[in-house]
Amino acid sequence: MTLAATGCSSSSKYYDPAKSNRTETGFRNNYPQPERASVWKWQWERLTQGLPKPPANHYQFPVVKPDLAWLKGNRKSPSVTWIGHATALLQIGGKNVLTDPMFSERASPFSFIGPKRKVALPVQIGELPHIDVVVISHNHYDHLDRASVEQLNLQPGGPPLFLVPLGLREWFNDIGITNVREMDWWDKLSMNSLDIYFVPAAHWSARGLLDRSETLWGGWVFRNLKMPATTETAASEQSDAYSVYFAGDTGYSKDFRDIGERFGRFDLALIPIGAYAPRWFMQNQHVDPAQAVQIHEDVRAKRSIGVHWGTFELADEPLDEPPQKLAEALKEAKLPADQFITLQHGQTLKLDE
Ligand code: ZN
Ligand code: ZN
């Protein structure tokens with residue numbers, strides 16, 4: 001299916017062209033969620049029950065060094081390299097795109113406390129190919145890391161373009177990063193043959209105690225058109241050479257059916273599969289692997305890669321559990337195991353092979 005290039009003027013009943021829902025108390029999700037559960041009750045539970053339990057491999061996850069020479073030379077083949085957690089290097093439409101760059105040791109405002117990296121980085125920022133675009137899903141510390149974006153901003157050859165949710169530009173400007181563009185849900189940005197959209201997710205935002213939901217959250221869509229479009233009409237007749245959906249951080253909602261309806265299909269989706277336990281606390285913000293499989297189906301992805309796991313211990317499940325639960329969920333959904341996979345840290349998937 002091709003997409004009308006008019007972006008915000010479609011008449012689909014599945015999404016609101018009025019974009020995100022901004023209220024006096026901050027942004028809101030598109031669809032109502034269960035009442036927010038007590039964070040103190042959860043913290044008490046995990047303390048008294050000694051959760052999370054260590055993974056069976058005692059944190060010895062395989063880490064592979066990406067083929068940096070190939071990545072640096074490649075401008076033609078779409079590829080994805082999982083760096084860890086929600087950080088991935090995506091090569092699409094001749095651009096190097098980095099999702100939620102997190103290269104620090106702790107996902108926390110402090111260097112001495114907060115979730116610590118449990119698996120080593122397969123690659124440092126300075127070793128990466130020149131990054132053209134950085135996309136940020138939201139401002140939680142495991143997705144927006146100050147040291148990482150500062151270093152990327154100083155990369156040789158000039159800063160990447162930082163695409164950020166509404167409300168986050170000021171944060172970037174305050175730390176001296178100016179090559180920033182804020183986007184609302186369903187906004188589109190075109191870079192030659194590559195179209196990038198910001199799309200809804202069911203989540204929230206905060207970096208401190210008093211800024212809950214003041215900035216937006218969401219996922220990112222990348223569609224590489226076969227030929228650069230010259231007019232809006234021409235664009236509607238283009239078919240994708242390759243399309244990718246990065247879901248960001250999210251609970252389950254009808255948003256994914258909306259996204260599937262809007263874009264028709266994706267060649268690849270990057271979908272979170274970790275930080276889901278216990279469900280009574282995490283369900284509003286993080287999907288479990290079965291819901292990740294549902295998202296894979298809702299957005300009509302040909303294949304998916306599970307991210308947001310195996311790197312930081314953010315929830316109560318053991319760090320190696322998400323891929324096991326993913327395999328069970330695929331079986332349950334009667335989908336082939338290779339339709340939704342996980343990568344090793346640092347592993348590259350060449351997408352046209
Ligand atoms: Zn988050
Ligand atoms: Zn997260």
Side-chain angles (χ1 to χ4, degrees), residues 20 26-30 33-34 36-37 39 42-43 46 52 82-88 98-109 114-119 121 134-149 163-168 171 185 198-209 211-220 245-253 255-256 269-279 281-289 291-292 295 305-317 319 321-322 326 342 345:
S20 57
F27 289 100
R28 267 200 329 224
N29 283 311
N30 271 333
Q33 291 180 297
R36 196 169 3 136
V39 68
W42 171 49
Q43 289 295 330
R46 90 190 298 235
W82 185 50
I83 292 168
H85 202 55
T87 310
L98 204 54
T99 64
D100 287 352
M102 173 36 171
F103 290 79
S104 291
E105 282 306 299
R106 280 192 201 273
S108 161
K116 196 174 177 330
R117 179 178 296 280
K118 293 289 189 183
V119 178
L121 280 167
V134 169
V135 293
I136 302 292
S137 65
H138 66 305
N139 71 357
H140 284 153
Y141 287 90
D142 55 319
H143 298 260
L144 176 54
D145 178 59
R146 179 174 171 165
S148 300
V149 294
L163 299 181
V164 306
L166 273 193
L168 263 178
W171 182 91
W185 287 343
F198 188 48
V199 294
H203 203 64
W204 58 295
S205 70
R207 284 186 77 83
L209 295 173
D211 63 341
R212 191 179 172 98
S213 297
E214 281 180 9
T215 64
L216 194 56
W217 50 89
W220 294 92
Y245 167 55
F246 166 62
D249 208 3
T250 190
Y252 187 71
S253 73
D255 289 300
F256 307 104
L270 305 179
I271 301 174
I273 59 168
Y276 48 79
R279 293 314 288 146
F281 182 73
M282 289 297 177
Q283 62 174 343
N284 281 3
Q285 47 192 325
H286 295 145
V287 291
D288 63 19
Q291 291 171 320
I295 293 177
I305 294 172
V307 297
H308 203 261
W309 74 278
T311 314
F312 296 99
E313 269 173 338
L314 302 174
D316 287 358
E317 82 272 6
L319 208 53
E321 190 185 81
L326 175 63
T342 53
H345 297 75

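Start at 1 and go down the list; that is how both ligands and their atoms are numbered.
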### Donor-acceptor contact present, side-chain Glu317 to main-chain Ala275, <3.5 Å
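Checking the backbone N and O of Ala275 against the side chain of Glu317, a donor-acceptor pair under 3.5 Å is found.
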### Check: Asp288 main-chain N/O paired with Gln291 side-chain donor or acceptor under 3.5 Å
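Checked: pair present.
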### Message
Under the rule for salt bridge (Lys or Arg N to Asp or Glu O under 4.0 Å), what residues qualify as partners of Asp142, not counting sequence neighbours?
### Response
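Per chain and number, Asp142 pairs via salt bridge (Lys or Arg N to Asp or Glu O under 4.0 Å) with no residue.
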#### Entry: In the protein, N/O/S atoms that are found under 2.8 Å from the Zn ion (ligand 1), waters not counted
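Listed by chain and number: His138 NE2, His140 ND1, His203 NE2, Asp249 OD2.
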### Query
In His308, what N, O or S atom is nearest to the Zn ion (ligand 2), if we give its atom name?
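Output for this pair reads NE2.
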### Message
Please confirm whether the ring centroid of Trp204 lies under 6.0 Å from the ring centroid of His138.
### Response
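Distance test on ring centres: not under 6.0 Å, no.
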### Task
Describe, in one word, how the ring planes of His85 and Phe312 are oriented to each other, choosing from parallel (under 30°), tilted (30 to 60°) and perpendicular (over 60°).
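His85 and Phe312: perpendicular rings.
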### Message
What I'd like to find out is whether the side chain of Pro272 reaches to under 4.5 Å of the side chain of His286, using heavy atoms alone.
### Response
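Heavy-atom side-chain distance check fails, nothing below 4.5 Å.
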